[in-house]
Amino acid sequence: MIHESIEEFLAALPRSGALIGLDLGTKTIGVAVTDGLRRIATPLLTIRRTKFTEDAARLRAITTERGLVGIVLGLPRNMDGSEGPRAQSTRAFARNLSQVLPLPIGYWDERLSTVAAERALIEADTSRKRRAEVIDHVAAGYILQGVLDRLDWLGRERNA
């Protein structure tokens, strides 16, 4: 099921279990995963997009192999907060993915995640070639870490 708010997404998740974060591009999908306690997001890999069925099969294999319990999709909003064609494409991908992967799906605003990832890679003195290879899954890590930080804050707020 797809959840519009992060609060709804949290309510649909089991208390523990790892999540997968996706940075959906036109040519690639950046993939990151969390630990089971949902504290740290780790960039995993970049999938070269082909057909939806093949992309979904790769994602299903990752979720099954790692026992993941939820999916976070970066939602590419415009800088003014509106949604353009890329956001609509991401929403369509989520609808299709929900048909083949019965896990809760949540969105996270991904504005500037790639910029942050690029900056971190430059600061780490990563070569231009290597940055091109890893930027998508590092950006997915930034998206997923943002969700983890928000989920942690919501959990502390509930227990206060």
Side-chain angles (χ1 to χ4, degrees), residues 1-79 81-114 116-117 134-158:
M1 179 167 206
I2 300 171
H3 304 280
E4 287 299 320
S5 77
I6 209 66
E7 292 82 3
E8 291 173 9
F9 179 65
L10 175 59
L13 292 172
R15 284 185 100 30
S16 64
L19 305 175
I20 186 170
L22 306 176
D23 181 24
L24 193 64
T26 56
K27 297 179 183 176
T28 61
I29 302 172
V31 180
V33 295
T34 70
D35 59 303
L37 296 175
R38 300 185 197 141
R39 298 283 183 227
I40 299 172
T42 304
L44 183 64
L45 58 90
T46 299
I47 297 172
R48 283 261 162 242
R49 292 188 72 179
T50 53
K51 294 188 301 189
F52 173 79
T53 52
E54 292 174 18
D55 299 342
R58 291 278 312 270
L59 294 172
R60 184 183 11 224
I62 293 167
T63 58
T64 302
E65 176 184 304
R66 293 177 170 268
L68 305 174
V69 299
I71 303 167
V72 174
L73 263 172
L75 188 63
R77 294 184 187 272
N78 295 323
M79 290 310 288
S82 64
E83 293 186 11
R86 286 191 56 230
Q88 294 309 313
S89 174
T90 298
R91 288 184 182 281
F93 184 87
R95 284 191 299 275
N96 291 334
L97 191 61
S98 71
Q99 300 299 312
V100 296
L101 269 175
L103 296 174
I105 297 175
Y107 296 115
W108 189 253
D109 187 343
E110 72 163 36
R111 281 180 280 190
L112 301 177
S113 61
T114 302
V134 301
I135 190 70
D136 295 317
H137 58 272
V138 172
Y142 269 86
I143 292 164
L144 193 52
Q145 189 64 52
V147 170
L148 294 180
D149 294 346
R150 178 70 176 152
L151 293 179
D152 182 51
W153 186 85
L154 288 170
R156 280 190 266 145
E157 186 179 67
R158 274 192 190 153

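All values below were derived from every heavy atom in this structure, side-chain atoms included, with hydrogens, water molecules and symmetry-related copies excluded. Every value quoted in this text rests on a predicted model; they were computed, and no experiment measured them.
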Are [X] and [Y] close enough that some pair of their side-chain heavy atoms sits under 4.5 Å apart?
X     : Y      : answer
Ile62 : Thr64  : no
Phe9  : Ile105 : no
Met1  : Ser98  : no
Thr63 : Leu101 : yes
Val33 : Arg66  : yes
Leu22 : Val72  : no
Leu19 : Leu68  : no
Thr28 : Arg48  : yes

With rounding to the nearest 0.5 Å, note down the distance linking [atom1] in [X] to [atom2] in [Y].
X      : Y      : atom1 : atom2 : result
Thr53  : Arg60  : OG1   : CZ    : 9.5 Å
Ile29  : Leu73  : CD1   : CG    : 8.5 Å
Tyr142 : Trp108 : OH    : CH2   : 15.0 Å
Leu97  : Ile2   : CG    : CD1   : 8.5 Å
Ser89  : Leu24  : OG    : CG    : 6.0 Å
Arg39  : Leu151 : CZ    : CG    : 10.0 Å

- prompt: Can Thr34 and Ile20 be said to form a side-chain contact (heavy atoms from CB on, under 4.5 Å), step by step?
  reply: CA-CA 7 Å; Thr34 70; Ile20 186 170; over 6 Å; no

message: Going by side chain to side chain contact (heavy atoms under 4.5 Å, CB included), Arg38 matches just one of Leu148, Val147, Asp152. Which one?
response: Leu148

field: Check ion pair Arg86-Glu110 (N to O, under 4.0 angstrom)
entry: yes

- prompt: Do the charged groups of Arg150 and Glu7 touch, with an N to O distance under 4.0 Å?
  reply: yes

task: Could you tell me whether a side-chain N or O of Glu8 sits under 3.5 Å from a main-chain N or O of His3, the two making a donor and an acceptor?
output: no

query: Ignoring hydrogens and geometry, is there a side-chain-to-backbone donor-acceptor pair from Asp23 to Ile143 under 3.5 Å?
result: no

message: Please determine whether side-chain contact (heavy atoms from CB on, under 4.5 Å) holds for the pair Leu75 and Glu83, giving the CA-CA distance in whole Å, both sets of side-chain angles, and the decisive distance to 0.1 Å.
response: CA-CA 9 Å; Leu75 188 63; Glu83 293 186 11; 3.5 Å; yes

task: Determine, for Tyr107 and Arg91, whether the Lys NZ or Arg CZ falls below 6.0 Å from the six-membered ring centre while staying within 45 degrees of the axis.
output: yes

- request: Check step by step if side-chain contact (heavy atoms from CB on, under 4.5 Å) holds for Gln88 and Phe93.
  value: CA-CA 9 Å; Gln88 294 309 313; Phe93 184 87; over 6 Å; no

